[in-house]
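Each chain gets a letter, A, B and so on, in the order the sequences are listed, and its residues count up from 1.
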Amino acid sequence: MDIFSRFADFVTVSVHQLIEDGQVTPLQAVNTEKLVVELPREESHGDLACNAAMVLAKQVSMAPRELAGLLADKLAANEDIAVVDIAGPGFLNITLKPGIWPAELNAILSAGSVYGQSDIGNGQAVNVEFVSANPTGPLHAAHARGAIFGDALANLLAFCGFQVTREYYINDAGSQVDTLARSAFLRYREALGEERITIPEGLYPGEYLKDVGEALKTRYQDSLRNQPEVVTLPIVRSFAIDAMMDGIKADLRELGIEMDVFTSERDLVEQGHVDEAIGSLRDRGLVYRGVLAAPKGQLPDDWEEREQLLFRATEFGDDTDRPLQKSDGSWTYFASDVAYHADKLNRTGGALINVWGADHSGYVKRMTAATQALSEQNDMLDVKLCQLVTLLDKGKPVKMSKRAGTFVTLRDVMETVGADVMRFIMLTRRNDQALEFDYAKVTEKSRENPVFYVQYAHARASSVLRQEDIRGLTEQGQPDLALLSDMHEVRLIKQLASWPSVVRTAALTHEPHRVAFYLIDLAALFHGLWNAGRDNPALRFILESDAGLTRARLNLVAATAQVIKTGLNLLSVRSPEEM
RNA sequence: GGCCUCGUAGCUCAUCAGGAUAGAGCGACAGAUUCCUAAUCUGUAGGUAGCAGGUUCGAGUCCUGCCGAGGUCACCA
């Protein structure tokens with residue numbers, strides 16, 4: 001258990017003692033859920049700060065500072081605590097006895113690569129659906145953010161004891177894959193030697209389909225050429241989708257992403273799951289035929305009033321009810337998505353997380369509504385939206401045009417900057433903030449490039465540990481960690497001790513960027529300590545004249561390297577030992 | 001026009017699912033760098049968190065309204 005949880009538990013026990021002693025009388029059983037022990041923002045506030053008195057004051061009808069006084073007396077009895085101050089509105093500021101922080105290094109080092117792991121997930125299933133790009137072309141740069149976000153989040157949840165499924169939904173049922181098939185068919189004719197093939201407006205002009213055309217030729221020779229479209233379309237479509245998915249999977253693998261499950265929309269439709277899911281909503285009176293009001297403001301050119309099959313999304317907080325069928329009677333994308341979410345709920349029995357691009361933000365309410373209707377619970381779905389990524393090179397936008405089929409592919413970017421840079425940089429911003437990705441900046445080897453900065457801290461730490469091997473300065477046995485009393489050293493230890501709570505918060509809030517920012521801060525403290533050794537040689541890690549202190553410091557260096565490595569692993573970024 | 005997301009230092013961004021005097025980097029300014037672990041380092045200045053209300057012991061964080069930016073808006077996916 002980490003130091004913060006340990007003291008939080010101690011405070012909780014103390015609260016209950018006060019109750020037993022009759023010094024405090026709660027109105028009902030006290031709720032300590034919001035009680036936290038954390039590092040105070042200001043170092044002058046001590047080592048640990050606890051909000052217990054403020055959180056509980058109302059529950060026991062006391063003034064926060066009065067309750068704080070009682071608690072402070074109880075806490076003072078703890079053998080690790082030197083002083084407890086009451087500050088501000090009722091904070092308990094705890095100063096620990098010397099040596100308590102350094103002793104944490106033992107716990108960190110003995111936990112090794114599982115330091116920070118927890119069982120807060122308690123084996124609960126969580127399904128993380130991400131990427132889910134249409135199988136109509138290779139992944140482009142914009143897909144990278146969601147892919148990396150989703151994968152890092154899945155790593156985090158698994159690290160916290162959740163049973164995680166990584167899932168990709170293949171939209172292989174709509175008209176876009178028919179367009180893909182028609183485009184691929186033209187490339188097939190081209191491969192068969194037909195000249196003057198032009199790709200008409202509305203079809204996909206991308207060069208990448210030439211390979212599919214060639215492959216179709218190899219597989220079918222010219223046997224498809226003169227068949228009617230009703231015959232060729234399903235064959236070419238399925239062939240092209242498979243080819244696209246092979247490429248997408250290969251790209252994901254390059255990024256270090258391995259999905260557990262691929263679910264096909266077409267399968268859901270063909271196996272009748274859409275009818276089933278809509279039927280189950282109908283049974284609950286949530287489906288009806290009706291006419292939607294025209295949207296306010298600018299009307300679409302071809303708007304006409306029409307009776308449709310609708311889902312009562314408004315009963316679950318959506319702004320309007322949502323259509324389930326197109327005018328030709330086939331299901332809308334939304335309808336199959338309802339079926340898909342029903343399928344995920346049944347299959348996994350746990351919570352769902354969807355990672356979407358910001359252009360789908362208008363879709364969140366209806367999907368949340370549908371999930372509520374299906375699960376009869378209101379917190380089964382969390383949709384995480386990833387904002388746009390702007391690709392730049394030395395500050396100038398990298399041009400892309402999907403129309404012309406010359407968009408920047410994920411593979412292009414990865415070949416330019418490498419998977420590590422790609423993964424880390426995509427997490428250096430909250431998911432709901434737009435991100436600028438500048439080729440020049442992210443490959444720079446300097447303080448300003450966070451990937452480099454963090455990896456370099458690991459490499460530096462590794463090089464110190466290598467020195468130790470070479471020089472054999474230390475002998476076996478437990479070093480006296482209490483020797484680590486310099487301000488820089490203690491700050492670094494506190495940061496290391498905070499790792500478990502960072503992991504926990506990142507997992508529970510579904511915010512993997514917290515790990516990246518934590519690592520940047522950790523690296524900064526480590527580099528800071530390194531630099532302090534310049535001004536003051538007594539602060540260097542390896543001191544020829546003091547084997548005892550050297551051993552203690554090497555423990556600190558080892559713990560730092562280990563936490564950086566664990567953190568980078570969660571982000572699937574390598575931790576180089578030399579750079 | 002409706003809905004969604006965002007608005008924090010000159011710039012780029014954090015702020016641990018409400019906590020104390022809102023933090024970093026860049027840039028600016030001032031210094032250091034014969035030795036040393038230098039793909040540099042130390043320090044200083046810089047803020048009414050878009051605006052106005054509300055809830056709370058306490059609000060950048062939650063709620064309402066307005067302003068601004070982006071996204072999106074039946075029969076695409």
Side-chain angles (χ1 to χ4, degrees), chain A residues 4 34 36 38-42 44-45 49 51 53-55 57-58 63-65 87-91 93 132-134 136 171-177 179 265 291-300 302-306 308 310 318-323 325-328 330 332-334 336-337 357-365 385 387-388 428-436 441 444-448 450 452-453 456 460 463-464 467 498 501-502 504-506 508-511 513-514 516-518 520-521 524 527-528 530-537 539-542 579:
Chain A
F4 303 99
K34 291 187 147 184
V36 292
E38 57 194 353
L39 286 180
R41 213 192 286 269
E42 285 281 323
S44 63
H45 291 159
N51 63 355
M54 277 129 39
V55 169
K58 196 168 274 178
R65 287 191 67 106
F91 283 101
N93 286 341
S132 298
N134 290 337
T136 53
N171 297 130
D172 53 1
S175 58
Q176 292 190 2
V177 285
T179 304
E265 182 187 3
V291 176
L292 283 181
K296 299 254 166 66
Q298 182 98 43
L299 277 182
D302 53 351
W303 167 266
E304 57 180 83
E305 200 165 84
R306 175 188 311 143
Q308 293 171 297
L310 299 168
D318 202 355
D319 315 298
T320 175
D321 291 338
R322 301 294 178 177
Q325 268 177 343
K326 302 182 201 170
S327 49
D328 67 358
S330 64
T332 58
Y333 177 78
F334 175 60
S336 48
D337 223 359
D359 54 343
H360 287 62
S361 65
Y363 201 73
V364 174
K365 273 193 183 178
L385 296 177
Q387 282 290 344
L388 293 178
T428 54
R429 190 126 322 165
R430 295 177 55 97
N431 58 291
D432 45 20
Q433 293 276 0
L435 170 67
E436 283 188 356
K441 269 190 193 159
E444 203 171 278
K445 291 182 176 179
S446 76
R447 173 79 182 82
E448 286 122 85
F452 169 77
Y453 194 63
Y456 186 46
R460 264 184 163 174
S463 93
V464 173
Q467 292 268 323
S498 307
S501 59
V502 170
R504 210 181 306 126
T505 308
L508 292 177
T509 55
H510 303 159
E511 293 180 346
H513 75 275
R514 289 175 190 272
F517 281 98
Y518 169 85
I520 294 168
D521 288 343
H527 289 305
W530 183 291
N531 293 329
R534 264 184 224 161
D535 295 336
N536 178 1
L539 284 176
R540 291 180 193 170
F541 298 121
I542 295 175
M579 296 179 77

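- Remark: the separation of the P atoms in B:C11 and B:U48 is 13 Å, to the nearest Å.
- When atom types are taken as modelled, the side chain of A:R429 and the backbone of A:L435 share no donor-acceptor pair closer than 3.5 angstrom.
- Distance from the side chain of A:R540 is smallest to B:C36 among B:C36, B:C57, B:C26.
- In a base pair of the Watson-Crick type (N1 to N3 plus N6-O4 or O6-N4) or a G-U wobble (N1-O2 and O6-N3), with each distance short of 3.5 Å, B:C29 is matched with B:G43.
- Judged by distance alone with a 3.5 Å cut-off, a donor-acceptor contact links the side chain of A:R306 to the base of B:A74.
- A straight line from CD of A:Q433 to P of B:G7 spans 5 Å, rounded to a whole angstrom.
- Using atom P as the reference point in both B:C35 and B:C29, the two lie 29 Å apart (nearest Å).
- Checking side-chain atoms of A:T332 against main-chain N and O of A:P323 turns up a donor-acceptor pair under 3.5 Å.
- When each of A:T505 and A:H45 is assigned the nucleotide of RNA chain B bearing its nearest heavy atom, the one mapping closer to the 5' terminus is A:T505.
- Candidate nucleotides B:U56, B:U15, B:A74 were compared by shortest atom distance to the side chain of A:Q308, and B:A74 ranks first.
- With both ends at atom P, the span from B:U8 to B:U15 equals 14 Å, rounded to whole Å.
- Base pairing analysis places B:C16 opposite nothing; no Watson-Crick or G-U wobble pair with both distances below 3.5 Å involves it.
- For B:C41, the OP1/OP2 oxygens have no side-chain nitrogen or oxygen of A:R534 closer than 4.0 Å.
- Between A:D318 atom CG and B:G2 atom P the separation is 16 Å, expressed in whole Å.
- Regarding A:H527, its NE2 atom lies at a distance of 10 Å from the P atom of B:U40, rounded to whole Å.
- A:H360 has no side-chain polar atom (N or O) that falls below the 4.0 Å cut-off from OP1 or OP2 of B:C3.
- Between A:N431 atom CG and B:U5 atom C1' there is a gap of 10 Å when expressed in whole angstrom units.
- Closest to the side chain of A:Q387, out of B:U5, B:C41, B:C4, is B:U5.
- A:D328 and A:K326 are not joined by a salt bridge, as no carboxylate oxygen comes within less than 4.0 angstrom of a charged side-chain nitrogen.
- Listed candidates were B:A38, B:A74, B:C16. Nearest to the side chain of A:P323 is B:A74.
- Donor-acceptor pairing under 3.5 Å is recorded for the side chains of A:N134 and A:Q176.
- Nucleotides B:A59 and B:U21 place their P atoms 10 Å apart, quoted to the nearest Å.
- Across all strands shown, B:C35 remains unpaired; no Watson-Crick or G-U wobble contact has both distances below 3.5 Å.
- For B:A77, one of the phosphate oxygens OP1 or OP2 lies less than 4.0 angstrom from a side-chain nitrogen or oxygen of A:K326.
- Among the nucleotides B:C75, B:G71, B:A20, the one closest to any side-chain atom of A:D359 is B:G71.
- For A:R460, the side-chain atoms get nearest to B:A39 when compared with the rest of B:A39, B:C76, B:A22.
- With both pairing distances under 3.5 Å, B:U48 is matched to nothing as a Watson-Crick or G-U wobble pair.
- No hydrogens or angles were tested; on distance alone, nothing pairs the side chain of A:D521 with the base of B:A14 as donor and acceptor under 3.5 Å.
- Judged by closest nucleotide on RNA chain B, A:V55 is the one of A:V55 and A:F541 placed further toward the 5' end.
- Residue A:K445 has its side chain nearest to B:A39 when only B:A39, B:A17, B:G25 are considered.
- Using a 30° and 60° split on the angle between ring planes, A:F517 and A:H513 fall in the perpendicular class, above 60°.
- The partner of B:G1, taking Watson-Crick or G-U wobble pairs whose two distances both stay under 3.5 Å, is B:C73.
- With centres under 5.5 Å and a plane angle under 30°, the ring of A:F91 is stacked against the base of B:A20.
- With B:A77, B:C41, B:C57 as the choices, the nucleotide that has an atom nearest any side-chain atom of A:R447 turns out to be B:C41.
- At least one donor-acceptor pair under 3.5 Å links the side chain of A:R65 to the backbone N or O of A:G88.
- Rounded to an integer number of Å, the gap from A:K34 NZ to B:U56 P is 13 Å.
- Per the geometry, CD belonging to A:E436 stands 15 Å off C1' belonging to B:G25, to the nearest Å.
- Contacts of A:G174 with the nucleic acid, taken as non-hydrogen atoms under 4.0 Å apart, involve only primed sugar atoms and P, OP1 or OP2.
- A:K441 and A:E448 are not joined by a salt bridge, as no carboxylate oxygen comes within less than 4.0 angstrom of a charged side-chain nitrogen.
- Taking atom CG of residue A:L435 and atom P of nucleotide B:U12, one finds them 13 Å apart after rounding to whole Å.
- Across all strands shown, B:C6 is found opposite B:G68 as a Watson-Crick or G-U wobble partner, with both distances under 3.5 Å.
- Under the 30°/60° scheme for interplanar angles, the aromatic rings of A:Y453 and A:H527 are found to be tilted.
- Remark: B:C62 base-pairs with B:G54; criterion is Watson-Crick or G-U wobble with both hydrogen-bond distances under 3.5 Å.
- Residue A:R429 has a polar side-chain atom (N or O) positioned under 4.0 Å from OP1 or OP2 of B:C13.
- Between the side chains of A:E265 and A:S336, at least one donor-acceptor pair of N or O atoms lies under 3.5 Å.
- Nucleotides B:A69 and B:A77 have their P atoms positioned 32 Å apart, rounded to a whole Å.
- Dashed line: the shortest gap from a side-chain N or O of A:K365 to OP1 or OP2 of B:C3 is not under 4.0 Å.
- In this structure, the nucleotide among B:U37, B:A20, B:C6 sitting nearest to the side chain of A:W530 is B:U37.
- A:R430 has its CZ atom 10 Å from the C1' atom of B:A14, to the nearest Å.
- On the P atoms, B:A45 is 46 Å away from B:G2, given to the nearest whole Å.
- Comparing B:G65 with B:G1, their P atoms are spaced 15 Å from each other, to the whole Å.
- The pairing partner recorded for B:A22 is none, the criterion being a Watson-Crick or G-U wobble arrangement whose two distances lie under 3.5 angstrom.
- Taking the P atom of each, B:G43 and B:G19 are spaced 28 Å apart, rounded to whole Å.
- Between A:Y456 and B:A39 there is a side-chain N or O to OP1 or OP2 distance below 4.0 Å.
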